[in-house]
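Only heavy atoms go into these numbers, but all of them, side chains included; no hydrogens, no water, no symmetry mates.
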Amino acid sequence: MSNDHDSPGNSDGTDDIKLIELREALETALPAAGVKKLNIIGFDMCLMSQIETATELGDVAEVMIASQALEPGMGWPYDVVIPAFAKGTAGSRRIGTDIVNAFDDFYKTVRKEEIATLAALDLSQVGEFNAKLEAVLVKYEPTMQKNWPTLARAIFYGEQYCDRTDYRRGAQALATFDILDILKRLRHATENFPAENEYRDFMAVADKFIITSANSVRRQLSNGVAVYA
């Protein structure tokens, strides 16, 4: 993020802020400002509602607002978003919900956008979300060789924020997919799904982690959080 196209730091004259650098900067700045955590961290940019982003920033903010998909060029409707912060006693979760709703309303009713998404995530739940996801995968892993075609199809046909042929780009692939949609497909298609209890536990935590998610008409299978796959 924050791309610099006139930087003396690199041989090609460009530089940007990596995700880990953002986290390190916030970890340094917050104590200096006498603040334990940001109430809200919002990304008015593409492809940031990822579990990787939430995991990296889980200790520096309460709520994260971001899009799973490519964001429309106009970005957030700030004339509606900024007043949401002036509601006095409204907490981070409620403000996050208001921002997502304002974004959703703007792109559905004003811009008639078909592929926009925005979600608010409760970062206090990201550790439990990851743990429950890990439990599903650990239980499923012994059947992986037998069920590999099923898993591959679940990923390939799952809700994704890139072209179907994206994988051909190799290391340059966007490769970002909706986590919940992949797991729903995998559970449905796997005979005698071996991680049923773990899946139910995971979905229960997901309901707490994903505060709200709004999607345009061509993103109805989006659930709020993606993963690099």
Side-chain angles (χ1 to χ4, degrees), residues 1-4 14-27 29-30 37-78 80-82 84-85 92-93 95-104 106-107 111 113-127 129-130 133 158-163 166 169 171-182 206 209-216 218-219 221-229:
M1 64 197 71
S2 298
N3 306 103
D4 184 350
T14 65
D15 198 8
D16 48 38
I17 298 177
K18 305 294 191 293
L19 184 57
I20 191 171
E21 293 174 330
L22 174 64
R23 190 253 303 159
E24 290 171 344
L26 290 172
E27 283 182 336
L30 288 173
K37 285 186 178 183
L38 297 174
N39 297 122
I40 293 174
I41 185 165
F43 293 97
D44 190 358
M45 55 191 293
C46 302
L47 305 168
M48 293 301 286
S49 191
Q50 302 261 143
I51 190 58
E52 294 87 352
T53 313
T55 300
E56 198 70 53
L57 301 178
D59 291 333
V60 298
E62 296 172 1
V63 169
M64 184 179 95
I65 303 171
S67 172
Q68 289 180 270
L70 297 174
E71 254 202 11
M74 288 191 70
W76 291 12
Y78 285 100
V80 183
V81 166
I82 296 300
F85 289 92
S92 302
R93 291 174 62 92
I95 294 174
T97 299
D98 287 348
I99 292 172
V100 171
N101 290 341
F103 178 95
D104 188 46
F106 177 73
Y107 281 107
R111 299 295 299 175
E113 176 61 60
E114 295 187 348
I115 60 171
T117 73
L118 199 69
L121 306 178
D122 183 345
L123 295 183
S124 71
Q125 298 291 324
V126 68
F129 182 88
N130 285 338
L133 176 61
E159 177 76 342
Q160 58 187 277
Y161 309 97
C162 47
D163 296 332
D166 180 62
R169 299 172 61 200
Q172 300 303 312
L174 291 178
T176 177
F177 298 79
D178 187 277
I179 296 178
L180 272 67
D181 191 52
I182 288 177
F209 177 51
I210 303 167
I211 299 169
T212 188
S213 174
N215 315 300
S216 295
R218 289 172 58 190
R219 291 295 182 203
L221 296 178
S222 295
N223 293 278
V225 60
V227 64
Y228 182 77

With the side chain counted from C-beta on, respond yes when V126 and I51 share a heavy-atom pair under 4.5 Å apart, and no when they do not.
yes
Any non-hydrogen side-chain atom of F129 less than 4.5 Å from a side-chain atom of T55?
no
With sequence neighbours left out, what residues match T97 under side-chain contact (heavy atoms from CB on, under 4.5 Å)?
N101, I211, T212
If you look at every heavy atom in A61 and I41, which pair is closest and at what distance?
CB-CG2, 3.6 Å
Quick one, L118 and I65 - any side-chain contact, counting heavy atoms below 4.5 Å?
yes
Whether T117 side chain and A69 backbone form a donor-acceptor pair below 3.5 Å:
yes
Measuring from I17:CD1 to R23:CZ, what's the distance to the nearest 0.5 Å?
14.0 Å
Closest non-hydrogen contact found for A119 with G224 is CB-O, 3.4 Å
Taking the side chain as every heavy atom from C-beta outward, state whether T176 and Y228 have any atom pair closer than 4.5 Å.
no
Within a 6.0 Å radius of atom CZ on R169, are there more than 12 heavy atoms belonging to other residues, nucleotides or ligands?
yes
Electrostatic pair E62-K37, nearest N-O below 4.0 angstrom
no
Taking every non-hydrogen atom, the tightest pair across A206 and L180
CB-CD2, 4.1 Å
A116 and P72 have their tightest heavy-atom pair at CB-CG, 4.0 Å
Could you check whether any side-chain N or O of T53 sits under 3.5 Å from a backbone N or O of M48, counting only pairs where one atom can act as donor and the other as acceptor?
yes
Counting only heavy atoms not in N130 (residues, nucleotides, ligands), do more than 12 fall under 6.0 Å from its CG?
yes
Less than 4.5 Å apart, side chain to side chain, heavy atoms only: is that true for F106 and M74?
yes
Shortest non-hydrogen separation from A54 to L121 and the atoms involved
CB-CD1, 4.4 Å
Report yes if some heavy atom in the side chain of N223 is under 4.5 Å from a heavy atom in the side chain of I179; otherwise report no.
no
Hey, mind stepping through S222 and E159 against side-chain hydrogen bond (donor to acceptor under 3.5 Å, both in side chains) and telling me if it holds?
CA-CA 6 Å; S222 295; E159 177 76 342; 3.0 Å; yes
In a check of side-chain hydrogen bond (donor to acceptor under 3.5 Å, both in side chains) between Y161 and each of R219, Q50, Q68, which one passes?
Q68
Under a 4.5 Å cut-off applied to non-hydrogen side-chain atoms, are Q160 and D178 in contact?
no
Just how far is it from atom OG of S49 to atom CE of M64, taken to the nearest 0.5 Å?
4.5 Å
Working to the nearest 0.5 angstrom, can you tell me the gap between E27 CD and L57 CG?
9.5 Å
Can I210 and V225 be said to form a side chain to side chain contact (heavy atoms under 4.5 Å, CB included), step by step?
CA-CA 8 Å; I210 303 167; V225 60; 4.0 Å; yes
Determine, step by step, whether T14 and D4 satisfy the side chain to side chain contact (heavy atoms under 4.5 Å, CB included) criterion, reporting the C-alpha distance in whole Å, the side-chain angles of both residues, the deciding distance to 0.1 Å, and the verdict.
CA-CA 5 Å; T14 65; D4 184 350; over 6 Å; no
Rounded distance [0.5 Å steps], OH in Y107 versus OG in S216
9.5 Å
Which heavy atom of A84 sits nearest a heavy atom of I99, and at what distance?
CB-CG1, 4.5 Å
V80 vs F103 side-chain heavy atoms within contact, under 4.5 Å:
no
Using modelled atom types only, decide if a donor and an acceptor are shared between the side chain of D122 and the backbone of F209 within a distance under 3.5 Å.
no
Rounded distance (nearest 0.5 Å) linking atom CD of E71 with atom CH2 of W76
7.5 Å
Please check this pair: side chain of E21 against backbone of K18, looking for a donor-acceptor N/O pair closer than 3.5 Å.
yes
Would you confirm whether N3, through its side chain, and D16, through its main-chain N or O, come within 3.5 Å as a donor-acceptor pair?
no
